[in-house]
Amino acid sequence: MSKNKNIFLIKLKRRLEALWVFIKLLLKNKLTGIAFITIVLLTVTAIFAPWISPYPDQGQGQVNLEEKFQPPSTKHIFGTDELGRDILSRVIFGTRISLVISTITIVLALVIALPLGLLAGYHGGMVDEIIMRITDVFLSFPPLMIAIVIASFLGPSLTNAVIAIAVAWWPWYTRIIRAQVMSIREKPFVKASNCIGTNKWVILLSHILPNTISPVIIQASMDMGGVILTAASLSFIGLGAQAPTPEWGLIISTARTYIIDAWWYSAFPGLMIFITVLSFNLLGDGFREVFDPRTRVR
Amino acid sequence: MWKFIIRRVAIGIFILFVVVSTTFFFSRIVPSEPAQKWVGAHATEEQIEAAKIELGLDKPLYSQYIKYLGDLLKGDFGMSIVSHRPVSLELKNAIPNTLELVILSVILAFAIGLPIGVYSAIHENTIFDHLGRFISVGVISMPTFWVALMLQIIFSTKLGLLPLTGQMDTILKLTNPLDKITGFAMLDSVITGNWRVFKDLILHAILPILTLMSYSLGLTSRMTRSILLEVLNEDYIRASRAYGIKERIVIWKYAIKNVLGTVTTVLALSAGYALVNTFVIEAVFSWPGIGSYISRSVINLDYPAIIGVTLFASVSYIILNLIADIIVALDPRIRFVKGGD
């Protein structure tokens, strides 16, 4: 028993060391480092939104009509909106929504993609052909367009927006998983396992699956920015979150009406989207640089 | 080569067929009560029943589907549930306005993005290069609708230089009416020599074009930079440099040829993205194109209109993909193996 535990500890230590090396490589680039810190800060903001925001009640929708359309000041750093709510607080609560829905969307896309990718890559033949042709159709269009069309059929709500974006995104992951499965299927350890008569499902789930995960996770983290943008765009055209949810895209959509009088109303929430998406994209670039040996040399 | 093109066209038609069918079945599954909308909110049961018969909703699904396919082949997208006008007619009015924006923004993105990318690559790892890279990542990280609003705030409400919304001044529309020849407003105003209107059209188009351009610009300059860097490492470039050929000629005559192919491909794709972005930003600028049209239809659940715009966007996108593929195929370095693709 204690021997097993030792092996586990050694394995864990090795994993952590590898992770540390990876993070060190990643943070070599200053921009990536800044992006990484920003994302950590954003996550902290999202988790502790009720404690960080100056007016947590207003962040969640409480109206304060006496102070409507206040320009940015020390009391309201980002100003207030048409119902007198503190925009900074709304934006902070929006961080929560954006990070949560983009994570759910990507997980949902992976849930769709994983079985299909495994099946297509491992089984091959007709099944593979059918799944790949379906992904072809999806990959022929920009994800935003697919998401808009699906969301407009499903009806406007945040849940439907999440479903729509996940449906637009899964083919990318299916492709990656399939390619990964196909290359691992041919590895000697899988062949050996096959020879000693291991069950097909055991091979698939405990030998192949764990080895497909890391490229998918990398791709997913690079997609976070794109998913956040898509979700905000859907909310902006009225196909996502509904009032009084403090979703960034929705806030800007409402702010559009008051563009002549209150510039701060649309400026700051948009700036927040920009910073978030930029950080994720820069981090994604950093990932790519670390994993692509050609760029690492440069 | 021809075999390749025919194959690609066949795939395109197949994809279009899938889109046509899924949008049809989607629109029938979703509980939207089109008959109810057709006659209005205060209709009686009989009126709704009559509308169902008028719209053909009483027939079985497969015969509706066949009729739908037949109508599409004739260019008939059905009637808009809200405006009671043929969708094809409304699309015909809206499409040129959108294409004007997309085409101009892509051309400008290419004209500006290419030199920036080249300059970045030549001056690799200088401040300009880092700045250029940062801007090109930054530009694709900005929500387009926000870019639109910020441009409006800066150039319209604060500086008062450009009009806030619309395609053309309403008063000018009455004093100097524009004759419709091609449907493309700018082109028409040039043909008829209506310069006052032309100037007004340009002023109105600047902000939407800048907005649409930003994404393609980032993409083009990034692509140009990374491909040129690869090309500049190749032996033939080193050889021409060794011959003492001027650096300007090495880059703009020899290296650029191997960059253009990929960049044009990116451009074709970014035209597709610009088209989709009009869905989001046209409403901001009250631009009378298909983007505003689909935003309105989405809110009213006007399915014939949504399907109409979807099909138009799909066809354009498939064509753009085809163009991108053909450009790649034109590259003499890619030879087609007989029997394969």
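Note on naming: letters A, B, ... go to the chains in the order of the sequence lines (proteins, then strands), and numbering restarts at 1 for each one.
For the set A:Ile134, A:Ile273, A:Ile228, the count of heavy-atom pairs under 4.5 angstrom toward chain B peaks at A:Ile273. Listed options A:Leu282, A:Ile275, A:Thr276, A:Ile259 were ranked by heavy-atom pairs under 4.5 angstrom with chain B; first place goes to A:Ile259. By number of non-hydrogen pairs under 4.5 angstrom with chain B, the leading residue of A:Asn281, A:Thr230, A:Ile150 is A:Asn281. For the set A:Ser233, A:Ser279, A:Gly225, the entry with the most heavy-atom pairs within less than 4.5 Å of chain B is A:Ser233.
In this pair, A:Trp263 and A:Phe268 present their aromatic rings tilted. The plane angle is within the 30 to 60° band. Between B:Tyr317 and A:Phe141, the ring planes are tilted. Angles from 30° to 60° get that label.
The contact between B:Ile306 and chain A is made entirely by side chain atoms (from C-beta outward), counting heavy-atom distances below 4.5 Å. Heavy atoms of A:Ile260 lying under 4.5 Å from chain B belong to its backbone as well as its side chain. Heavy-atom distances place the side chain of B:Val19, and not its backbone, under 4.5 Å from chain A. The part of A:Phe236 that comes within reach of chain B is its side chain, from C-beta onward, which places non-hydrogen atoms under 4.5 angstrom from that chain. For B:Val18, the part sitting under 4.5 Å from any heavy atom of chain A is the side chain, from C-beta outward, and nothing else. For B:Thr157, the part lying near chain A is the side chain, with the backbone staying farther off; criterion is any non-hydrogen pair under 4.5 Å. The contact between B:Ile307 and chain A is made entirely by side chain atoms (from C-beta outward), counting heavy-atom distances below 4.5 Å. If you measure heavy-atom distances from B:Ile11 to chain A, you find no contacts under 4.5 Å at all. Of the two parts of B:Met150, only the side chain, counted from C-beta on, holds a non-hydrogen atom closer than 4.5 Å to a non-hydrogen atom of chain A. Proximity to chain A (any heavy atom under 4.5 Å) is restricted, for B:Arg222, to the side chain, taken from C-beta onward. Contact of B:Thr23 with chain A is made through backbone and side chain together, with heavy-atom distances under 4.5 Å. For a residue to count as touching a neighbouring chain, one of its non-hydrogen atoms must lie under 4.5 Å from one of that chain's; by this rule B:Ser314 touches chain A with backbone and side chain alike. Heavy atoms of A:Pro142 lying under 4.5 Å from chain B belong to its backbone as well as its side chain. When heavy atoms are compared at a cutoff of 4.5 Å, A:Leu239 approaches chain B solely by way of its side chain, counted from C-beta outward. Of the two parts of A:Leu31, only the side chain, counted from C-beta on, holds a non-hydrogen atom closer than 4.5 Å to a non-hydrogen atom of chain B.
B:Arg296 has no carboxylate O lying under 4.0 Å from a charged side-chain N of B:Asp302, or vice versa, which leaves the two without a salt bridge.
Side chain of A:Ser235 to main chain of A:Ala232: no donor-acceptor pair is present (N/O by atom type, distance under 3.5 Å, no hydrogens or angles). At distances below 3.5 Å, not a single donor-acceptor pair connects side-chain atoms of A:Trp169 with backbone N or O atoms of A:Pro143. In this structure, B:Ser286 contributes its side chain and B:Gly166 its backbone to no donor-acceptor pair below 3.5 Å.
Side-chain contact of B:Ser21 with B:Tyr65: a donor-acceptor pair under 3.5 Å is present, judged by distance alone. Side-chain contact, A:His76 with A:Asp86: a donor N or O sits under 3.5 Å from an acceptor N or O. One side chain, B:Thr98 or B:Glu282, offers a donor N or O that lies under 3.5 Å from an acceptor on the other.
Nearest heavy atoms, A:Leu234 versus A:Ala161: CD1-CB, 3.9 Å.
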side-chain contact (heavy atoms from CB on, under 4.5 Å) evaluation trace for A:Arg175 with A:Met132: CA-CA 8 Å; A:Arg175 281 283 170 105; A:Met132 282 306 107; 3.3 Å; yes
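More than 12 heavy-atom neighbours from other residues, nucleotides or ligands sit within 6.0 angstrom of CG on B:Leu159.
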